[in-house]
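Fair warning: this is a prediction, and the values are worked out from it, not measured in the lab.
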Amino acid sequence: MRDKRHPLDIMAEQLETLADSPVAAQEASPDHWELHSATDESVGDYPQAVLSDPDFDWGEAEGLGPDGFPAIPIPGMKLQRKARWTDVLSSNLWRGGHLFNEKALAVFKQCDLGNVREYPVVVRGKMLSARSLTYLHFRNIVEPTAVDFERSEFYLADILGIPTGPVAVNSFDEWEEKTRQAREGQLEGCEEFSQIEYKRLYFMPGQTPSVDYFRLARLGITVYISARLKDAILSSGLTGLEIKPNKRLFASP
């Protein structure tokens, strides 16, 4: 049967498979899961909600205050032409948050959301319809001091994220230096703009995050959630989110 997907979508899937090949055979963590906004046909256009005024000026700090939270009221938003309403909407706002309806907000509040703030947002849809939603902005960022670099495993990847070989990293300082060298093409076997990815990342004993939603400082943009939050999302049938097994981040061995 002919694949009816766009060639770029097929290529993106192939690149993602190659990028994930170092962890493909690993068992997934039972403790932490990856959380993503859904991007398939169930949500239509992605991101689903965008600013009504595309030229809105956020200011020098792009609307974020010194504490990393939105410093000004969030302006009006609109649903993109082919986007669909879901319990959780993706948006073109900042990386650390999502738009929630009342059902989704209640589900998330069953768990420990840590350092988070709520912002009211009106999103307009077709035929002048509008819904009052809540934007949650999360600031649960786990510092590198919580990571056990000596027990963890790393590898080099090219500019597209395709793995090129293993690399030894025994501390955060060494990770920073080798990241710089990889970016400049100074490590053996790598070209300019290469990067260092983690194959197995362990937390130090007693440093596993207690919150149910977090990201890692300096080590990527993936959002991780606890099994508790994962179960709450799935059991409630929330739409607009995608949960993936996590094969890279683990509690202390």
Side-chain angles (χ1 to χ4, degrees), residues 6 8-9 12 16 33-111 113-141 211-217 220-225 229-230 232-234 236-244:
H6 192 282
L8 291 179
D9 292 332
E16 183 177 359
W33 298 71
E34 294 183 14
L35 182 68
H36 303 267
S37 293
T39 59
D40 59 9
E41 293 180 356
S42 68
V43 300
D45 283 339
Y46 173 87
Q48 294 153 279
V50 297
L51 292 175
S52 298
D53 178 4
D55 298 320
F56 182 82
D57 184 9
W58 287 108
E60 293 183 1
E62 297 184 347
L64 296 177
D67 58 0
F69 285 100
I72 60 176
I74 299 175
M77 306 192 72
K78 64 180 180 180
L79 208 63
Q80 292 215 72
R81 188 170 64 89
K82 294 183 179 179
R84 299 178 182 178
W85 291 107
T86 52
D87 296 314
V88 182
L89 294 180
S90 56
S91 74
N92 65 343
L93 297 173
W94 307 275
R95 181 178 295 157
H98 313 270
L99 290 162
F100 293 78
N101 64 13
E102 291 185 3
K103 173 186 175 181
L105 191 61
V107 170
F108 268 65
K109 284 189 172 183
Q110 297 174 22
C111 299
L113 302 183
N115 194 18
V116 64
R117 292 182 190 171
E118 301 180 19
Y119 300 84
V121 183
V122 173
V123 180
R124 299 192 178 280
K126 302 173 183 177
M127 305 297 292
L128 301 179
S129 63
R131 298 188 184 185
S132 296
L133 304 179
T134 300
Y135 174 75
L136 289 187
H137 192 81
F138 296 86
R139 288 288 295 170
N140 300 320
I141 302 177
V211 294
D212 294 305
Y213 181 113
F214 64 90
R215 291 187 292 119
L216 302 176
I221 61 174
T222 301
V223 170
Y224 292 101
I225 60 173
L229 180 52
K230 180 263 297 185
I233 293 171
L234 294 180
S236 62
L238 290 187
T239 56
L241 294 173
E242 180 182 12
I243 298 174
K244 295 182 179 180

Original post:
Taking atom NZ of K103 as the centre, does the number of heavy atoms from other residues, nucleotides or ligands within less than 6.0 Å exceed 12?
Top reply: yes

Original post:
Are M77 and L93 close enough that some pair of their side-chain heavy atoms sits under 4.5 Å apart?
Top reply: yes

Original post:
Distance from Y46 atom OH to L89 atom CG, nearest 0.5 Å?
Top reply: 12.0 Å

**OP:** To the nearest 0.5 Å, tell me how far T86 OG1 sits from L241 CG.
**Re:** 7.5 Å

Subject >> Y224: which of L216, L35, V211 passes side-chain contact (heavy atoms from CB on, under 4.5 Å) >> reply: L216

**OP:** Show the numbers, then the answer: is there a side chain to side chain contact (heavy atoms under 4.5 Å, CB included) between V223 and H36?
**Re:** CA-CA 7 Å; V223 170; H36 303 267; over 6 Å; no

Subject >> W94 and I74, any side-chain heavy atoms less than 4.5 Å apart >> reply: yes

Original post:
Taking all atoms of both residues into account, what is the closest heavy-atom pair of P70 and L64, and its distance?
Top reply: N-CD2, 3.6 Å

**OP:** Report the distance from atom CG of L133 to atom CH2 of W85, rounding to the nearest 0.5 Å.
**Re:** 6.0 Å

**OP:** Return the minimal non-hydrogen interatomic distance between Y135 and G96, and the atom names on each side.
**Re:** OH-C, 4.1 Å

**OP:** Find out whether W33 and L229 are in side-chain contact, i.e. whether some heavy atom of one side chain is under 4.5 Å from a heavy atom of the other.
**Re:** no

Original post:
Just wondering, do I233 and V88 contact through their side chains at under 4.5 Å, heavy atoms?
Top reply: no

**OP:** Taking all non-hydrogen atoms of both residues into account, name the closest pair between F69 and R139 and its distance.
**Re:** CZ-CG, 3.3 Å

**OP:** Check whether any side-chain heavy atom of L51 lies under 4.5 Å from a side-chain heavy atom of P75, and answer yes or no.
**Re:** yes

Original post:
How far apart are the C-alpha atoms of Q48 and L99, what are their side-chain angles, what is the distance that settles it, and do they pass the side chain to side chain contact (heavy atoms under 4.5 Å, CB included) test?
Top reply: CA-CA 10 Å; Q48 294 153 279; L99 290 162; over 6 Å; no

**OP:** Flag the pair F108 / D212 as yes when at least one side-chain heavy-atom distance between them is below 4.5 Å, and no otherwise.
**Re:** no

**OP:** Please name the pair of heavy atoms, one in S132 and one in V122, separated by the smallest distance, quoted to 0.1 Å.
**Re:** OG-CG2, 4.3 Å

Original post:
Distance from Y119 atom OH to T134 atom OG1, nearest 0.5 Å?
Top reply: 12.0 Å

Original post:
Quick one: are H98 and L136 in side-chain contact, heavy atoms under 4.5 Å?
Top reply: no

**OP:** Taking all heavy atoms of A232 and all of C111, pick out the closest pair and write down the distance.
**Re:** CB-SG, 4.4 Å

Original post:
Are the side chain of D87 and the backbone of T239 linked by a donor-acceptor contact shorter than 3.5 Å?
Top reply: yes

Subject >> Atom pair NZ/NZ of K82 and K126 - distance to nearest 0.5 Å >> reply: 9.5 Å

Original post:
Taking side chain as C-beta onward, heavy atoms only, is N101 less than 4.5 Å from R131?
Top reply: no

Original post:
Could you state the interatomic distance from CG (L113) to CZ (F214), rounded to the nearest 0.5 Å?
Top reply: 13.5 Å

Original post:
Of the non-hydrogen atoms in T222 and R215, which two are nearest, and what is the gap between them?
Top reply: O-CG, 3.5 Å

**OP:** Name the orientation class of the two ring planes belonging to F56 and W58 (parallel below 30°, tilted from 30 to 60°, perpendicular beyond 60°).
**Re:** perpendicular

Original post:
Does the side chain of N115 pick up a donor-acceptor pair with the side chain of N140 at under 3.5 Å?
Top reply: no

Original post:
Around E242, counting heavy atoms of other residues, nucleotides and ligands shown, do more than 12 lie under 6.0 Å from its CD?
Top reply: yes

